[in-house]
Amino acid sequence: MGSTSESDFPPQFDPASVEGAMYAAWMAADLFHARADRSARAGGARAPFVIIMPPPNVTGVLHMGHGLNNTVQDVLIRWRRMAGDEALWVPGTDHAGIATQNVVEKQLAAEGLTRFDVGRERFVLRTREWVARTGGTILEQLRAIGASADWSRTAYTLDPGPSSAVMEAFVRLHEAGLVYRGHRVIHWCPRCLTSLSDEEAEHEETTGTLYHISYPLAEGDRAAANGTRSITVATTRPETMLGDVAVAVHPEDERYRHLVGKQVVLPIANIVIPIVADEYTDPSFGSGAVKITPAHDANDFEVGSRHELPMPVVMSPAGVMEEGSGAAGRVPGLVRGLDRFAARERIVEELRAQGRLEKIETHHHSLRHCYRCGTVVEPRLSDQWFVRMKPLAQPALEAVRAGRLRILPERWEAVYVNWLENIRDWNISRQLWWGHRIPVWYCDGCGTMLVRREAPQPAECASCGGALRQDEDVLDTWFSSWLWPFSTLGWPRTSSRDLAAFYPSDVLVTAPEILFFWVARMVMAGYYFMGDAPFHTVYLTGTARDTNHVRMQKSLGNGIDPLDVVQRYGADALRYTVVSALGLGTDLILDPADLERSFAPGRNFATKLWNIGRFLLTNVGSGSVEPLSAIAPERLTRADHWILARLDAAIAECDAALGPPRPDGRHWDPALARSGLRLSEYIEAARRFVWNELADWYVEAAKARLADGDRDVTRAVLVHAFDGALRLLHPVVPFISESLWQRLPGRREGELLAAAQWPRPGTPRPQPHGEFELAREAVGAIRQIRAEYDVAPGKSIDVVVVPASTAAHRVLADEAALVGRLSRAALRVDVPAPAETAAHAVLSDGSEVIVPLAGAIDLGKECGKLRSELSQLDRQLASLRARLSNEQFMSRAPKNVVEAEREKDREWSARREQLANKVKSLCDG
RNA sequence: GGGCGAAUAGCUCAGUUGGUUAGAGCGCCUGCCUUACACGCAGGAAGUCGGGGGUUCGAGUCCCUCUUCGCCCACCA
C-alpha cells in the first residue's frame, strides 16, 4: 500500500485480491472492537452507538435478505464509528428451535429414524454436534460482505450467558405471576408435534367447503319438539363432529327457542348431546346452529367451559383420529387410525349415505398454518405455559406514543400499536427437544411444583423427598430472542460493564415480518427487566424480491446468493447496489436470472471510483501535498472554489440524509422523528459529488492545469476533494475506498480510512463559486451545438461568446481557455459575430453563444430552433407574469416565493430579450 | 370482515410543510476507443404524475370517489 505507480493500477479494481487482506488489516487494527471504558456511560469520552444484530439461524446460510439487512447495519455502524462514536455491533446466532430440530429430524428420516427412536438425550447431542460443525457459517459469510461487527462479542442463544438470562427471566416472571400454566385450546402443528403461539400460526386465505349436517333429535324429545325432527349445523371440519358435546343456538333465535334443552343424536358416533343456548352463535351464519367441539376449537372451548360440558379429544397429536382423553366410544372403526383429512372424506361419505348431509357449499375463509412447515394447524386442548402480556404491553405502547421509540417507515407504528392494544397471552412452551428446557420440576409424590433458576438441578422434593421430574417442554425460541438486547451484554450479571456502557442500544434494523415475533417483545422485555426501551429507533427494511415481485426464497429457487455476487463483482458492488436501491420502506427488486444487469449500478460505480482514483493519484504523484489550509484563498481558481463548495454541499446532504444518530434527550423531537436513515439519498449525494462533479468537471478542468498551471494548488484541491469523497463513500464501499485512500499522499503509516474522521463542511467559500456555473453552461451549449451539427469529435471550432453583463464578461474571459478545452473550441469573448452562418444558443443569464460553422448551418433549422425556444420561454413568462399580476397571489403567497418569482422574471426577461434580438437579426431580416 | 399503504419515463424508484421548466439509476437512440474509466464519454428521445370530481391565486403534493395492486390484523362455525 502507499505506492502510486501505474503498475498498481489496472483499469479495473480487483476485489478478490484486495478484500481479504483489507478485512484482515481492519481486524488486526482491532477496529471493530468496542471498549466499554470509552463509552460515555461508563466514564469514557465517546457517545456509544450500538446495534444488536438480529441473530440469524445458527445453521442458516446467507441469503439476499441477510445481505440487505446487514449492509444497512454496517453502513450505519461504519458511519458512526467514523463520526467518533464508540460503535458496537453485536453479532450472534439463534438456535432456532423448530427450524433446527426439523433439519435434524429430516437427517434422521433419511436414515429411517425418528427422534423418538434415538431418544431425547442423543437427539440433543446430535443436534449440538451438527450445529458445532455447520453453525456459524453465516457469520463467516457476513465478513465476506464487509460486516464490521465486534466478533469478540459473538453470542449464541444457547450459550451459558443468554441461557442464564432465559432462566432468570422465566423465574422472575413466574414470581411476579406473569408466567402461568394454562389449560386451553392452543394452535398445534401435527407435523412438528408442538404447540405454536398465535403469531406462529399464520392465516392463509383458502376456499373451503361448508357442510350442512342434520343432527336428529333424540327419540324422547321428538314428540315434545312440535314435530321438529332434526337440527342442521354447518361446519367446515366434519371430522371434528366426533368430539361434539352440544349444539348451540342463539338464545333469542325464535327458530330454535323450543329446542333448547332438548337432545340430539350425534350421527356416526351415535351419542346423545344437548342443545344449548349461547350468545356466541351467530343466527345469520349457516343454519344458525353450531356444533360445539370444545377440545378442537378455541371458541367451542369457551362455550364448553361456560356450559360445563365435557371436552373429549378425538385426535392424536399427529392429527390421526383416535379416542383420546374423555373420548371413549366416540371414534368408530370407520375412521379410527385415519389422518384427519382422510377422516373428513370418510365421514362426509358416511353422512351422505345416511342421508344426513343436507347441503355442501364452497366457503371462503382463512386457515391457520404452521409458520415453519406450512401444515394446517390443528386447534387442540392442552396444558401450556403462558406469559400474561397485558401488563408488559403498556410501557411498550407508551414508548411509541410518547416518542421515546420511533419506527421507520412510520406506517408500521400503527401496526405495532394495534397489535399491542389487542395483545393476547403468549404460549411459550414447545413440545420440542431443541431449546431451553423449562426450569420447572414436578414431584410425582406430593404434586409440588418447583420453579428454579439455580444451575444445580434439584434432586428431590423438599416437602416429601419424592423424585422430581423436569417439565418435558422447551421454551419458544423467541423467549430467548426477546432478551437479546441485554442478554448479549451480560444480563443478568448486574456487574457487567457492557450492560452499563452499551444498554440501551440505538437502532434495530430488521424485517417487518418479525415486528411482533421479536421487535415488540424486545421492547416489552426491555422495559420490564431493564426499565428502558432496548433502542430508540426501529428501521424496518424492505424485502428482497425477484422481477415478478415474488419474495426471494430458497424453496422457490428465485434467490440470489450474495457470495456469488461478491465473487463476481465484489462486496462493494453488492453493497452499493443494495444501498442505492433502498428507499425507505421500498422492496429490493433484483433479477436472479440476470446478475449482470441487477448489479450493474454497483459494479459500474466501483469501476468508476477506481478509475477516478487511478487518474487522480497517478497525476498527483507521491510528492508531498500542501494541506488546503496552507493555501491562501486568492490562489484558488473559480473551479477550485466551486469543487470545494460542492464537497461541502455533498457533506451536508449526506448528513441530512443519514439524519440525527440519536434523539436529543430521551424523546424524539417530532420534527426530527421521521428524518434520517435515507440511505439511498445519502449514497446518491456522495455519488453525484464524486462522479458528476469531481470527475466530470473538476478533474477534466484540472488536466490542463496539471500540465501547465499551478500544479501545487490543483494537487492540493484534488487530494482534499477526493479524500472527502472517499470518507463519505466508505460506509457503503469500504474495500475500494480504503484501498484508494491508502494510496493518497500524506497518509501516516497504519492510518486507516475505516477509522478516519467523518468529514465536516469547511468554512463557507469567500468567493462567488457560482460563477463557475456560467462556464459549465457555456461548455454545455457548445457541446450541444457540436452534436447537433455533427461536428467531428476531433475537430476544433471557433466560438464567440457575447456576455450579457460586465460580470459575465469577466467570468467568461477568465475561463475561455477552460471552456475551450472542455468543448474543443477556440473561444473568444465579446467579438461581434457573423449572423447567418452560425449556430446560436442563449445562456440562462442572457449571454449568447455563437458558433460560426461556415457552410454547415441550415438557417431555417436554426431559426426554427430559436423560435421554438423563444415561444416556450414566452409561454413560461406569460404564466409567470400572470401570477405576478394576480392580486391574490401577491397578497397570499409567502414573501420568499414572490421574491423567487420576481428574480425568475428578471432572468427570463433578459434571456427573452436576447433571444428575440437574435431571432430578429437572423431570421426576420 | 377490520385497518394501513401504494399507483410518477419501458423497468426500479426520488419528488421535503401545496410554489421554478417533475428528477435519478438501469434500459433505449445517435456519435465517439478524446493517453483514468466502453463497467466509459458527449448528445438525445421518452411522463395528459391510475380515472373522475373538488378545495386553492396555484395541486404530482390536500379532500372526496372509482379502479387496480400490495401489506398487516381477525374466534363467524
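Lettering follows sequence order; numbering is per chain, from 1. All figures in this text were calculated on a predicted structure; none of them were measured in a lab.
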Selected nucleotide, minimal atom distance to [X] side chain, candidates [options]:
X: A:Pro793; options: B:rC32, B:rG27, B:rA36; answer: B:rC32
X: A:Pro601; options: B:rG25, B:rG19, B:rC37; answer: B:rG25
X: A:Trp691; options: B:rC41, B:rG43, B:rU21; answer: B:rC41
X: A:Arg911; options: B:rU21, B:rC71, B:rA74; answer: B:rU21
X: A:Arg883; options: B:rC37, B:rG19, B:rC72; answer: B:rG19
X: A:Asn418; options: B:rA77, B:rC73, B:rA74; answer: B:rC73
X: A:Phe516; options: B:rC57, B:rC72, B:rA36; answer: B:rC72
X: A:Ala893; options: B:rG40, B:rG19, B:rG10; answer: B:rG19
X: A:Phe615; options: B:rA36, B:rA24, B:rC57; answer: B:rA36
X: A:Arg411; options: B:rG43, B:rC4, B:rU12; answer: B:rC4

Classify the nucleic acid contact of [X] as base, sugar-phosphate or nothing, counting any heavy atom under 4.0 Å across all strands shown.
X: A:Ile612; result: base
X: A:Ala695; result: base
X: A:Ser366; result: base
X: A:Arg603; result: base
X: A:Glu202; result: nothing
X: A:Val415; result: sugar-phosphate
X: A:Ala298; result: nothing
X: A:Asp282; result: base
X: A:Trp412; result: sugar-phosphate

Using a distance-only criterion (donor-acceptor N/O pair, under 3.5 Å, no hydrogens), is the base of [N] paired with the side chain of [X]?
X: A:Thr293; N: B:rA77; result: no
X: A:Lys608; N: B:rC39; result: no
X: A:Glu700; N: B:rA36; result: yes

Using Watson-Crick or G-U wobble geometry with both distances below 3.5 Å, tell me the partner of [N], or none.
N: B:rU21; value: none
N: B:rC41; value: B:rG31
N: B:rG60; value: none
N: B:rA6; value: B:rU68
N: B:rA74; value: none

[X] side-chain N/O to [N] phosphate OP1/OP2 under 4.0 Å:
X: A:His203; N: B:rC75; value: yes
X: A:Arg824; N: B:rA42; value: no
X: A:Gln784; N: B:rG44; value: yes
X: A:Arg368; N: B:rC75; value: yes
X: A:Arg424; N: B:rC75; value: yes
X: A:Lys795; N: B:rU34; value: no
X: A:Asn604; N: B:rG40; value: yes
X: A:His549; N: B:rU12; value: yes

Using atom types as modelled and distance alone, determine if a side-chain donor or acceptor of [X] lies under 3.5 Å from a backbone N or O of [Y].
X: A:Arg237; Y: A:His296; answer: yes
X: A:Asp587; Y: A:Thr543; answer: yes
X: A:Asp425; Y: A:Met389; answer: yes

Paired with A:Arg368, the side chain to side chain contact (heavy atoms under 4.5 Å, CB included) test is passed by just one of A:His203, A:Glu200, A:Glu378, A:Glu202, namely A:His203
Nearest-Å distance, CD (A:Glu413) to C1' (B:rG5)? 15 Å
In whole angstroms, the gap separating C1' of B:rG31 from CG of A:Asp790 amounts to 7 Å
For [N] and [M], measure between their [atom1] atoms and round to the nearest Å.
N: B:rG25; M: B:rC39; atom1: C1'; answer: 14 Å
N: B:rA38; M: B:rC69; atom1: P; answer: 46 Å
N: B:rU67; M: B:rG51; atom1: C1'; answer: 7 Å
N: B:rG47; M: B:rC63; atom1: C1'; answer: 25 Å
N: B:rU21; M: B:rU65; atom1: P; answer: 32 Å
N: B:rA6; M: B:rG50; atom1: C1'; answer: 11 Å
N: B:rG60; M: B:rG19; atom1: C1'; answer: 13 Å
N: B:rC49; M: B:rA7; atom1: P; answer: 14 Å

For the residue pair A:Arg783 and A:Trp697, would you count it as a cation-pi contact if the rule is NZ or CZ under 6.0 angstrom from the ring centre and within 45 degrees of the ring axis? yes
Would A:Lys703 and A:Phe615 count as a cation-pi pair here, with the cationic atom under 6.0 angstrom from the ring centre and within 45° of the axis? yes
Which residue lies toward the 5' end of RNA chain B, A:Gln12 or A:Glu204, if each is placed at its nearest nucleotide? A:Gln12
Taking for each residue the nucleotide of RNA chain B with the nearest heavy atom, is it A:Glu788 or A:Asn692 whose nucleotide lies nearer the 5' end? A:Asn692
Using ring-ring contact (aromatic ring centres under 6.0 Å, His included), reason through A:Tyr211 and A:His363 one step at a time and then give a plain yes or no. CA-CA 9 Å; A:Tyr211 302 90; A:His363 178 60; over 10 Å; no
Between A:Phe735 and A:Phe13, is the ring centroid distance below 6.0 Å? no
Should we say atom CD of A:Glu421 is surrounded by more than 12 heavy atoms from elsewhere, each under 6.0 Å from it? yes
